[in-house]
Amino acid sequence: MDSTTPPHPLQCLATCTVTKGDSQVEEWLIQWENQTVSEATWEDAFAIQASFPTFGLADKPNFHDPDVKCWQGWSHLRTRILDLPILVVLDEAYIEFSGLDSKMQWVKQHDNLIVLRTFSKRAGLAGLRVGYGAFPLSIIEYLWRAKQPYNVSVAAELSACAALQNPTYLEKVKVALVEERERLYALLKQVPFLNPYPSHSNFILCEVTAGRDAKNLKEDLAKMGVMIRHYSNKELKGYVRVSVGKPDQTDALMDCLTRLS
């Protein structure tokens with residue numbers, strides 16, 4: 001695949017998110033979804049971006065398809081995007097699981113780049129809704145004025161600080177999760193009605209095949225005490241997302257899937 005050609009959305013969903021607001025951009029998105037985007041079209045897209053300074057383009061780790069190949073090799077495109085008069089937000093929610101280096105240092109070089117991180121994934125603090133980011137000083141000055149008072153609870157603050165003070169433990173947990181992710185992926189490949197995608201995140205996206213209904217599969221597993229995620233949007237209607245857990249949780253999932261086979 002040419003590095004200038006974005007992958008099909010079902011292979012790399014939402015890796016490059018463009019806010020729809022102009023007919024030219026709308027047409028570009030349609031071409032992207034139909035796999036007809038050429039290098040010339042990329043040039044048009046950059047021209048459109050340059051014409052609309054308030055028009056946002058954000059490059060982010062993929063929320064649905066965790067395959068890291070979707071955004072490997074796009075460094076030159078990101079650099080070109082950062083040269084445009086727009087604000088770029090890079091969401092590194094899953095960076096620790098990807099094996100890729102963080103781009104947080106890029107903030108020192110670009111005054112229109114924000115890099116966001118979360119404690120929800122690697123630190124397991126999803127319920128506390130706490131994260132952090134790297135911002136240019138010219139931007140943080142204004143965000144600080146708009147920030148709500150006491151927007152982070154005491155429990156979240158203490159938990160986040162504890163996580164930052166225990167990098168060795170967090171690394172150990174990450175390594176264990178990545179190992180379990182590979183075991184889970186290998187087991188899911190053996191399920192006759194699932195087509196799992198390689199993952200560089202803390203979950204595995206699976207296409208539900210063999211005439212099975214993805215929503216019904218999610219509901220059947222819920223009745224057995226196992227929770228997975230199903231999507232209602234049309235692009236992912238036939239897919240489910242399985243989070244990576246502990247080995248005994250993987251075993252429980254696989255037991256239920258075997259009973260449903």
Side-chain angles (χ1 to χ4, degrees), residues 6-20 26 29-35 58 60-71 91-95 97-98 118-122 124-129 131 177-261:
H8 187 275
L10 281 184
Q11 298 173 338
C12 187
L13 298 159
T15 294
C16 187
T17 300
V18 182
T19 303
K20 298 182 181 181
E26 180 77 21
L29 287 172
I30 293 173
Q31 292 181 34
W32 178 48
E33 292 174 355
N34 294 333
Q35 290 185 283
K60 62 188 180 182
N62 205 316
F63 285 135
H64 306 304
D65 177 0
D67 191 347
V68 75
K69 291 183 295 184
C70 293
W71 56 297
D91 185 346
E92 292 190 341
Y94 300 95
I95 191 70
F97 308 103
S98 70
T118 178
F119 288 93
S120 296
K121 315 305 177 185
R122 184 183 182 187
L125 303 181
L128 295 176
R129 317 309 298 172
L177 187 145
V178 170
E179 291 178 353
E180 187 61 21
R181 180 186 69 197
E182 300 310 308
R183 185 174 85 95
L184 175 61
Y185 175 71
L187 291 171
L188 291 173
K189 288 181 67 175
Q190 300 175 21
V191 179
F193 52 85
L194 291 180
N195 177 30
Y197 287 79
S199 174
H200 289 78
S201 183
N202 66 342
F203 64 87
I204 296 176
L205 182 75
C206 299
E207 181 184 10
V208 180
T209 61
R212 295 265 187 162
D213 182 83
K215 184 178 180 181
N216 290 342
L217 174 61
K218 183 248 185 184
E219 293 174 349
D220 289 341
L221 287 173
K223 294 175 183 177
M224 304 167 80
V226 175
M227 302 301 296
I228 62 173
R229 184 172 180 180
H230 166 259
Y231 298 94
S232 58
N233 54 308
K234 64 178 182 179
E235 295 87 358
L236 286 169
K237 188 175 181 180
Y239 292 74
V240 294
R241 167 174 158 170
V242 181
S243 295
V244 182
K246 297 178 180 179
D248 61 313
Q249 294 171 327
T250 297
D251 295 339
L253 168 67
M254 296 311 302
D255 177 63
C256 291
L257 289 173
T258 299
R259 290 155 58 187
L260 291 174
S261 296

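Everything numeric here is computed off the predicted structure, so don't read it as measured data.
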A.B. asks: Which heavy-atom pair separates Y197 from I204 by the least distance, and what is that distance?
C.D. replies: O-CG2, 3.7 Å

A.B. asks: Using every non-hydrogen atom in the two residues, find where P192 and S261 come nearest and quote the distance to one decimal.
C.D. replies: CD-OG, 4.2 Å

A.B. asks: Can you check whether L194 reaches T209 side chain to side chain, under 4.5 Å on heavy atoms?
C.D. replies: no

A.B. asks: Does L187 reach the side chain of L253, with side-chain heavy atoms less than 4.5 Å apart?
C.D. replies: no

A.B. asks: For the atom pair CD (E182) and CG (L184), what is the distance rounded to the nearest 0.5 Å?
C.D. replies: 9.5 Å

A.B. asks: Should we count CZ of R183 as having more than 12 external heavy atoms under 6.0 Å?
C.D. replies: yes

A.B. asks: What heavy-atom pair brings I228 and R241 nearest, and what distance separates the two atoms?
C.D. replies: CB-O, 3.7 Å

A.B. asks: Is a side-chain N or O of R259 found less than 3.5 angstrom from the main chain of M224, in a donor-acceptor match?
C.D. replies: no

A.B. asks: Testing the basics here: between C206 and V242, what is the closest heavy-atom pair and its distance to 0.1 Å?
C.D. replies: SG-CG2, 4.4 Å

A.B. asks: Hey, what do you get for CG (D248) to CG (D255), rounding to the nearest 0.5 Å?
C.D. replies: 12.5 Å

A.B. asks: Under the side chain to side chain contact (heavy atoms under 4.5 Å, CB included) rule, what do V244 and F97 come out as? Steps first, then yes or no, please.
C.D. replies: CA-CA 11 Å; V244 182; F97 308 103; over 6 Å; no

A.B. asks: Does any part of the side chain of V208, heavy atoms only, come nearer than 4.5 Å to the side chain of N216, both counted from C-beta?
C.D. replies: no

A.B. asks: Measure from the side-chain N and O atoms of R129 to the backbone N and O of A126, and report whether any donor-acceptor pair falls under 3.5 Å.
C.D. replies: yes

A.B. asks: Counting distance only, does the side-chain N/O of R181 pair as donor-acceptor with the main-chain N or O of S201 below 3.5 Å?
C.D. replies: yes

A.B. asks: Going by the side-chain hydrogen bond (donor to acceptor under 3.5 Å, both in side chains) test, which pairs reach into residues 184-194, not counting sequence neighbours?
C.D. replies: none

A.B. asks: Say you draw a straight line from CG of D251 to SG of C256; how long is it, rounded to the nearest 0.5 Å?
C.D. replies: 11.0 Å

A.B. asks: Hey, what do you get for CG (N202) to CD (E180), rounding to the nearest 0.5 Å?
C.D. replies: 13.0 Å

A.B. asks: If you measure from NE2 on H230 to OH on Y239, what distance do you get to the nearest 0.5 Å?
C.D. replies: 11.5 Å

A.B. asks: Nearest 0.5 Å, please: how far is CG in L221 from CE in M227?
C.D. replies: 9.5 Å

A.B. asks: Which pair of heavy atoms, one from V226 and one from A252, lies closest together, and at what distance?
C.D. replies: CG2-O, 4.4 Å

